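A quick write-up on the structure given underneath.
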Amino acid sequence: MDSVQCSLTSCVVNNSVDLLVFNPPYVPSANSEIPTINGQSNIDQDSGAWLDMALNGGDDGMIVTAKLLDNLHDILADNGVAYILFCARNKPDDVYKQMKERKLQVEKVIFRKCGWEELSVLRLWKRK
């Protein structure tokens, strides 16, 4: 098992991912920009703002997840599988349909209510 640090799938070789588990920033938020000064993050690490940024998924909560989904078919190995977490406001049923159209198999493997949140995990893999 290896870990990498890159911009989502930018350094991932096509057809190389056997298992991808993704807990993306999925909370819808109007402000999805990281404040910077001279190209460096300007968030005080002790302020708690990092937690907000870790959860912030843009206007629909899908800004990061959509980038991954756009490349998922390419990076998954032939027998590879991805497990991705969604909240209800990410519209997982719509994602399910879109991924089917992109020639991926999709299965909702779990649904849970956690307080006010409704969370789903989708399993995605290539069609044979």
Side-chain angles (χ1 to χ4, degrees):
M1 178 192 292
D2 288 323
S3 62
V4 295
Q5 182 178 351
C6 64
S7 178
L8 285 179
T9 61
S10 64
C11 66
V12 178
V13 175
N14 283 352
N15 300 307
S16 67
V17 175
D18 295 316
L19 175 65
L20 185 141
V21 179
F22 194 46
N23 179 5
Y26 60 80
V27 177
S29 173
N31 182 13
S32 60
E33 293 185 22
I34 298 174
T36 59
I37 296 177
N38 297 326
Q40 297 296 317
S41 169
N42 188 31
I43 296 178
D44 179 4
Q45 292 184 356
D46 297 324
S47 71
W50 280 110
L51 179 58
D52 292 339
M53 291 308 303
L55 299 173
N56 183 340
D59 290 341
D60 63 356
M62 292 290 291
I63 194 168
V64 176
T65 306
K67 291 177 185 178
L68 175 76
L69 293 174
D70 286 345
N71 296 306
L72 189 59
H73 189 276
D74 293 335
I75 65 168
L76 280 178
D78 288 340
N79 292 319
V81 62
Y83 294 89
I84 303 175
L85 177 69
F86 297 90
C87 73
R89 293 179 290 173
N90 303 145
K91 301 178 183 166
D93 292 337
D94 291 350
V95 173
Y96 183 102
K97 293 173 191 170
Q98 291 167 8
M99 293 298 96
K100 286 274 196 185
E101 291 170 4
R102 294 185 192 182
K103 298 187 168 82
L104 286 170
Q105 296 283 70
V106 187
E107 173 188 19
K108 185 183 290 186
V109 293
I110 195 165
F111 172 82
R112 292 276 193 272
K113 288 189 175 192
C114 302
W116 58 269
E117 281 192 307
E118 294 181 356
L119 302 174
S120 299
V121 173
L122 296 185
R123 176 179 181 239
L124 302 103
W125 68 100
K126 290 183 178 180
R127 290 184 187 165
K128 303 268 177 175

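We're numbering straight along the sequence, starting at 1. Only a predicted model underlies this, so the values are computations on that prediction, with no experimental measurement involved.
Pairs of residues two or more places apart, or lying in two chains, never qualify as salt bridge (Lys or Arg N to Asp or Glu O under 4.0 Å) while including a residue from residues 12-28. For residues 61-76, the pairs satisfying side chain to side chain donor-acceptor pair (under 3.5 Å) are T9-N71, D70-R102, with sequence neighbours left out. Sorted by first and then second residue, the side chain to side chain donor-acceptor pair (under 3.5 Å) pairs involving residues 85-101 (not counting sequence neighbours) are D93-K108.
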Please set out all donor-acceptor pairs under 3.5 angstrom arising from side-chain atoms of residues 116-125, sequence neighbours excluded.
from: E117; atom 1: OE2; to: Y26; atom 2: OH; distance (Å): 3.2
from: R123; atom 1: NE; to: Y83; atom 2: OH; distance (Å): 3.4
from: R123; atom 1: NH1; to: E107; atom 2: OE1; distance (Å): 3.4

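Shortest non-hydrogen contact noted between L76 and A82 is CD2-N, 4.2 Å.
For S7, the side chain to side chain contact (heavy atoms under 4.5 Å, CB included) partners are S10, not counting sequence neighbours. D78 meets the side chain to side chain donor-acceptor pair (under 3.5 Å) test with no other residue; sequence neighbours excluded.
If you take CG on L8 and CG on L68, they are separated by 6.0 Å, rounding to the nearest 0.5 Å. In this structure, CG in N79 is found 11.0 Å from CG in N15, a value given to the nearest 0.5 Å. Distance CZ/R112 to CG/L85: 12.0 Å, rounded to 0.5 Å. Taken from CG in L104 to CZ in R127, the straight-line distance is 7.5 Å, to the nearest 0.5 Å.
L19 and I110 end up in the same hydrophobic cluster when Ile, Leu, Val, Met, Phe, Trp and Tyr side chains are linked at under 4.5 Å.
Looking at heavy atoms from C-beta onward, V95 lies out of side-chain contact with I84 at the 4.5 angstrom threshold. No side-chain heavy atom of L20 sits under 4.5 Å from any side-chain heavy atom of V81.
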